[in-house]
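Okay, structure first, notes after.
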Number of protein chains: 2
Amino acid sequence: MEQPTTHQLAHWLKVLAEPRRLQILNLLMAGVQCNCELGTQLDMAPNLISHHLSVLRKAGLVEVERDAVDARWVYYAINRPNLEALNATFTAFFDPARIQPRQPNCGPQTACEPDDAVTTR
Amino acid sequence: MEQPTTHQLAHWLKVLAEPRRLQILNLLMAGVQCNCELGTQLDMAPNLISHHLSVLRKAGLVEVERDAVDARWVYYAINRPNLEALNATFTAFFDPARIQPRQPNCGPQTACEPDDAVTTR
DNA sequence: GATACAATCCAATTGTGGTTGAAATATTGC
DNA sequence: GCAATATTTCAACCACAATTGGATTGTATC
């Protein structure tokens, strides 16, 4: 019935449907990956940024990496394969070519139950 | 600062991030547009379906049309132009080609706050 | 070891939005 | 007019997630 990609898409959409997470993703794509700079540009508390990044990381959309010189700093990056999978799943689900004309098995002429479609007007 | 497409995308994602609305859209695309048959297939109360369809309609994703013979029946359909706009906006925002490498203006070597952001705000 | 810093985790609060049931609206047939 | 059908609207309830402030972890410097 429901292919697993639909569930994955629903989960991804729930993660993405947050303005601040969209802004974070937007900055990550633009090359801003330092946590503190994200905080200054978005005017958000660092713990809040950490929370949203955790949600994005658990969804597999971003990856985390610690600085080689000073491990206190962490850098976040877009997970490119999963982003491509997200894009493909979304475009496949919302493809306008999937739109089918109305199949009138319900309405004033037909019965509302799909079983007995034989009814006189 | 924020292009209007991003704001629109955030609104659309918030509307789409609902499993039942995704199911409704899926059925609408497959050609099932009668309200009562949506209720039987999704096992939802009609007022709940009406609510979700109202959200989708206000977002411009579905259109409503009353039956020509008996105006008590209403049929819902996908708004194809807006669906194409949604698809285009989404793919443009989440295009993997947009991913830029990290720009290290923050970290152990550099100061954490960008100098241009100190003057304003 | 002690201190400072970046980031995270935790508990509590708040706010938004889905769900529910009943009433209201609209239209058709008698 | 009245009754019946299809849908919508309304108000209340409930659950989950974002936010907040403080405490904690991990790391580097002195």
Side-chain angles (χ1 to χ4, degrees), chain A residues 10-24 28 32-40 42-59 62-77 104 106-113 119-121, chain B residues 10-25 32-40 42-59 62-77 104-113:
Chain A
H11 181 231
W12 272 335
L13 289 178
K14 210 163 185 56
V15 170
L16 296 176
E18 193 61 39
R20 306 205 152 172
R21 283 201 278 265
L22 271 184
Q23 294 176 15
I24 288 176
L28 287 183
V32 181
Q33 303 179 5
C34 181
N35 196 321
C36 59
E37 195 175 359
L38 286 176
T40 57
L42 296 177
D43 197 20
M44 292 171 58
N47 52 359
L48 191 51
I49 296 181
S50 184
H51 163 66
H52 286 307
L53 283 170
S54 170
V55 175
L56 290 171
R57 186 173 48 81
K58 284 172 184 167
V62 302
E63 287 175 326
V64 62
E65 180 192 4
R66 288 193 171 266
D67 189 285
V69 178
D70 191 337
R72 288 176 297 181
W73 271 264
V74 293
Y75 304 119
Y76 292 94
C106 187
Q109 283 85 6
T110 60
C112 199
E113 308 272 339
T119 309
T120 55
R121 149 86 163 77
Chain B
H11 181 231
W12 272 335
L13 289 178
K14 210 164 186 55
V15 170
L16 297 175
E18 192 60 39
R20 305 203 151 174
R21 283 200 280 265
L22 272 184
Q23 293 176 15
I24 289 176
L25 283 178
V32 181
Q33 303 180 4
C34 182
N35 196 323
C36 59
E37 195 174 0
L38 285 176
T40 57
L42 296 177
D43 194 21
M44 293 171 57
N47 54 358
L48 191 52
I49 296 182
S50 182
H51 163 66
H52 286 308
L53 282 171
S54 169
V55 175
L56 290 171
R57 186 173 47 81
K58 285 172 185 168
V62 303
E63 286 175 326
V64 62
E65 180 192 4
R66 289 193 171 267
D67 190 284
V69 178
D70 191 337
R72 288 177 297 183
W73 271 264
V74 293
Y75 304 119
Y76 292 93
N105 43 353
C106 187
Q109 284 85 3
T110 61
C112 192
E113 38 192 336

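Each chain gets a letter, A, B and so on, in the order the sequences are listed, and its residues count up from 1.
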- Message: Would A:Arg20 and A:His52 count as a side-chain hydrogen bond (donor to acceptor under 3.5 Å, both in side chains) here? Give the steps.
- Response: CA-CA 8 Å; A:Arg20 306 205 152 172; A:His52 286 307; 5.7 Å; no
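The distance from atom CG of A:Asp43 to atom P of D:dA18 is 19 Å, rounded to the nearest whole Å. For the pair B:Glu37 CD and D:dT7 C1', the computed distance is 17 Å after rounding to whole Å. For the pair B:Leu38 CG and D:dA6 C1', the computed distance is 14 Å after rounding to whole Å. The distance between atom CD of A:Glu65 and atom P of C:dA6, rounded to the nearest whole Å, is 19 Å. Look at CG on B:Asn35: it is 20 Å from P on C:dT25, rounded to the nearest Å. Here D:dT8 presents its P atom at 13 Å from CH2 of B:Trp73, a figure rounded to the nearest Å. Counting to the nearest Å, the P atom of C:dA7 and the CE atom of A:Met44 are 14 Å from each other.
A 4.5 Å side-chain heavy-atom check between A:Val74 and A:Glu65 finds every atom pair outside the cut-off.
Between the side chain of B:Trp73 and the backbone N or O of B:Cys34, no donor-acceptor pair lies under 3.5 Å.
B:Asp67 and B:Tyr75 share a side-chain donor-acceptor pair at under 3.5 Å.
Note that OH of A:Tyr76 is 6.5 Å distant from CZ of A:Arg57, once rounded to the nearest 0.5 Å. To the nearest 0.5 angstrom, B:Leu53 atom CG is 11.0 Å from B:Gln33 atom CD. The line from CG of B:Leu22 to NZ of A:Lys14 is 10.0 Å long, rounded to the nearest 0.5 Å. To the nearest 0.5 Å, the span separating CD1 on B:Ile49 from CG on B:Asn35 amounts to 5.5 Å. Taken to the nearest 0.5 Å, the CD atom of A:Glu18 stands 10.5 Å off from the CG atom of A:Leu16. Note that CD1 of A:Ile24 and CE of A:Met44 are 4.5 Å apart. Values are rounded to the nearest 0.5 Å.
A heavy-atom distance below 4.0 Å to DNA chain C is reached by none of the residues of residues 11-20 of chain A. Of all the residues in residues 46-55 of chain A, A:Pro46, A:Asn47, A:Ser50 reach under 4.0 Å from DNA chain C with at least one non-hydrogen atom.
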Which protein N or O atoms sit under 3.5 Å from an N or O of nucleotides 25-30 of chain D?
{"unit_1": "D:dA28", "atom_1": "OP1", "unit_2": "A:Ala71", "atom_2": "N", "d": "3.4"}

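Residue B:Tyr76 places at least one side-chain N or O under 4.0 Å from the OP1 or OP2 atom of D:dT8.
Within 4.0 Å of B:Arg57, counting heavy atoms only, lies no atom of the nucleic acid at all.
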